[in-house]
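Heads up, the thing below is written out as structure tokens.
Excluded from the calculations below are hydrogen atoms, water molecules and symmetry mates; all remaining heavy atoms, backbone and side chain alike, are included. Proteins get letters first, then strands, A, B, ... in listed order; numbering begins at 1 in each.
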Amino acid sequence: MPHKKSKWIFTIIIMFLMLLAAMYLHLTSGIFTMSTSEVFKTLLRIESTQNFDLVIFDLRLPRLVTAALVGMGLAMAGVVLQGITKNALADPGIIGINAGAGCAIVIFMFFFQVELIDVEISSLVKILIVPIFGFIGGAIAAAIILFMSYKYGRMDMQKLILTGIAINTGFSALTLFWSLKMDENDYQAAAIWMNGSIYNSNWYFVSAMLPWLFILGFYIYRKAYILDYFQLEEETILSLGISLEREKIKLLLATVGLVSACVSVSGSIGFIGLMAPHIARQLVGIYHRYLMPVSLFVGAILLVFSDYVAKTLFAPVELSVGIVVSIIGIPYFLFLLVKAKG
Amino acid sequence: MKSSNRHIILFSIIMPILIVSVFLFSVSFGTKSIPLSEIFNAIFNFDENEANHQIIWSGRIPRALAVLFVGAFLAAAGAIMQGITRNFLASPSIMGVTDGSAFFITMTFVFLPGISSFKLVVISMVGSLFGAALVFGFASIIKNGLSPVRLAIIGTVIGTFLSSFGTAVAMYHQISQTITMWYNSKVHTVDMDLVLLCVPIGLVGLALAISLSSAVTITALGEDVAISLGQKTRTVKVLSMLSVAILTGTAVALVGKIAFVGLVVPHIVRMLIGVDYRMIIPCSAVFGAFFLSACDLISRYVNFPFETPIGVVTAIIGVPFFLYLIRSKGGEKYAA
């Protein structure tokens, strides 16, 4: 719809400014106080000191970038899941993909002791492998969900969410089991990570996650038009000559990859994939080519802001960002349930 | 129904044997195995200077009793919920009832530390009521909210919200680790005083549940039928919720959060003995006692000599069962 394009561009610009504002909040706040001008001087390399460099480049910036990227990844996953399932309440966290990926990663950590806090170059290889393990776990979860919720060739939406809830509980129990077998140090690292936190992020994690986000994100964006077709009746799609199920599976696998990359870095964070597409749909309507970029911005803003809340609300005690997102996201989910028909 | 009668007779012969044997196993096995003769000695000729006797009375027996009764309480609570709501997924852990308890207990730890055990049990029961009221209240204002699947979704989400909120407050006060331990691995810290405090209260709830059982059977036939038979449906519902709150509240106060017992057990019992809640509720209590005791025994051996939280075992049994229920009954409206 061409006449909406100007509105869309306007929305994107506003979103971009809001993201900058959220990033500004995130970057300037923290236990180590720095004035705004000091932050900018350090960032722009005008006048740098070793302390400021450490705080900005080694601590705050990787965390900020991770938050933004994970927010984008989860938002995109949410758009795809809601698109292919035609279910407005689908979210990678709710339907258990997070938990599946998380469980596989904990098992990986149990066998290969990935140091999530102090990273040496030697463990970089391990960090790069982690998302692949997550992918296997996430794919298993997705396969169970598909198997359970298909009936007479159609996806039953209620069953989809229920199965997700069951898978979530099951994988969390398995995760708890494996994490308790770990020795104390590994357990600490795993526990921090499982709650959904990005506070010990670093550039290695970012580099492990980036290729997945780029390649799969680009692939999904190219396929965005197919998500529009999915909103039509099944018969209509078939008459268009699209092999529906094949496209669905491909998109779903790409989504699992996206989620696994996010989970491998930040642990399980739910509800971003639920909220971001909804908010974006309110803003720019249902066409996925427009919807998807706006969702990415909304996701990034939500997660950067939530992480800002997580680190400042009870400072110096940090909340895990996963909890902050749940506390914001669940009332939103309930609100959507109230609005939903039938 | 002749065959179900035969099943009930069989059930009442086999269950006591199973329960007694699992109880004895539970007291006898652990990081230190204690022979049966020692157990009988400890029970009938207690000797203070005997280390084994001390282990048995301070650790093993309270734990075995706790899981036995908690299994009975949770299963009975699940059975009565399934009957009253005619919802095959109804159970204390799915409908936010245990999360309500846990939330109130967390708040008590934070704001009223050092409270007496008795008050904690009462608060836990109030929390159960709160969780149930929140979930059912919300479900009743949305369209189709009381359908099994919707109610389960609402219950889970509100439960997650309560536990996230609780965790946030606990983190702020830096006791989140204490709280996590409290909910997940409380079974082996149970002592005799707590058992003696909680079990009688829970038994009151169990008695209430059993006394309601014929009314539940009628309710399970449908609201219209129940009203036409002259039942005061509102009173029955209120009393049922009260018994669920007492049963779940004492269970959480005694051993923490344990999921799936209240979901799985009533279904198994229904398969064995049919659809009459006058039988289902007491039989669920009996079978639940056996089920949770067996899970507790398994939990000690999964990763021997380390303990696995009992909730992990119930989840690993419960999740496939839950999936099976969704698969086989998801399309239908009612369970029983």
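Residues Leu334(A) and Ile158(B) form a side-chain contact, since some pair of their non-hydrogen atoms from C-beta on lies under 4.5 Å apart. Looking at heavy atoms from C-beta onward, Ile153(B) lies in side-chain contact with Phe333(A) at the 4.5 angstrom threshold. Between Ile94(A) and Val157(B), every side-chain heavy-atom pair lies at or beyond the 4.5 Å cut-off. Put simply, the side chain of Leu162(A) reaches to within 4.5 Å of the side chain of Phe322(B), judged on heavy atoms. Annotation: side chain of Phe161(B) is not in contact with side chain of Ser326(A) (no heavy-atom distance under 4.5 Å). Here the side chains of Val312(B) and Leu174(A) are not in contact, with every heavy-atom distance at 4.5 Å or above.
In this structure, the portions of Thr160(B) lying under 4.5 Å from any heavy atom of chain A include both its backbone and its side chain. For Ser320(A), the parts lying under 4.5 angstrom from a heavy atom of chain B are both the backbone and the side chain.
Evaluation of the salt bridge (charged side-chain N to carboxylate O under 4.0 Å, His left out) rule for Arg300(B) yields Asp296(B) as partners, not counting sequence neighbours. In terms of the side-chain contact (heavy atoms from CB on, under 4.5 Å) criterion, Ala104(A) has no residue partners (sequence neighbours excluded).
When the heavy atoms of residues 163-171 of chain A are compared with those of chain B, the residues falling under 4.5 Å are Thr163(A), Ile165(A), Ala166(A), Thr169(A), Gly170(A), listed by number.
Every pair passing salt bridge (charged side-chain N to carboxylate O under 4.0 Å, His left out) that includes a residue from residues 251-263 of chain B is listed here, sequence neighbours excluded: Asp99(B)-Lys257(B).
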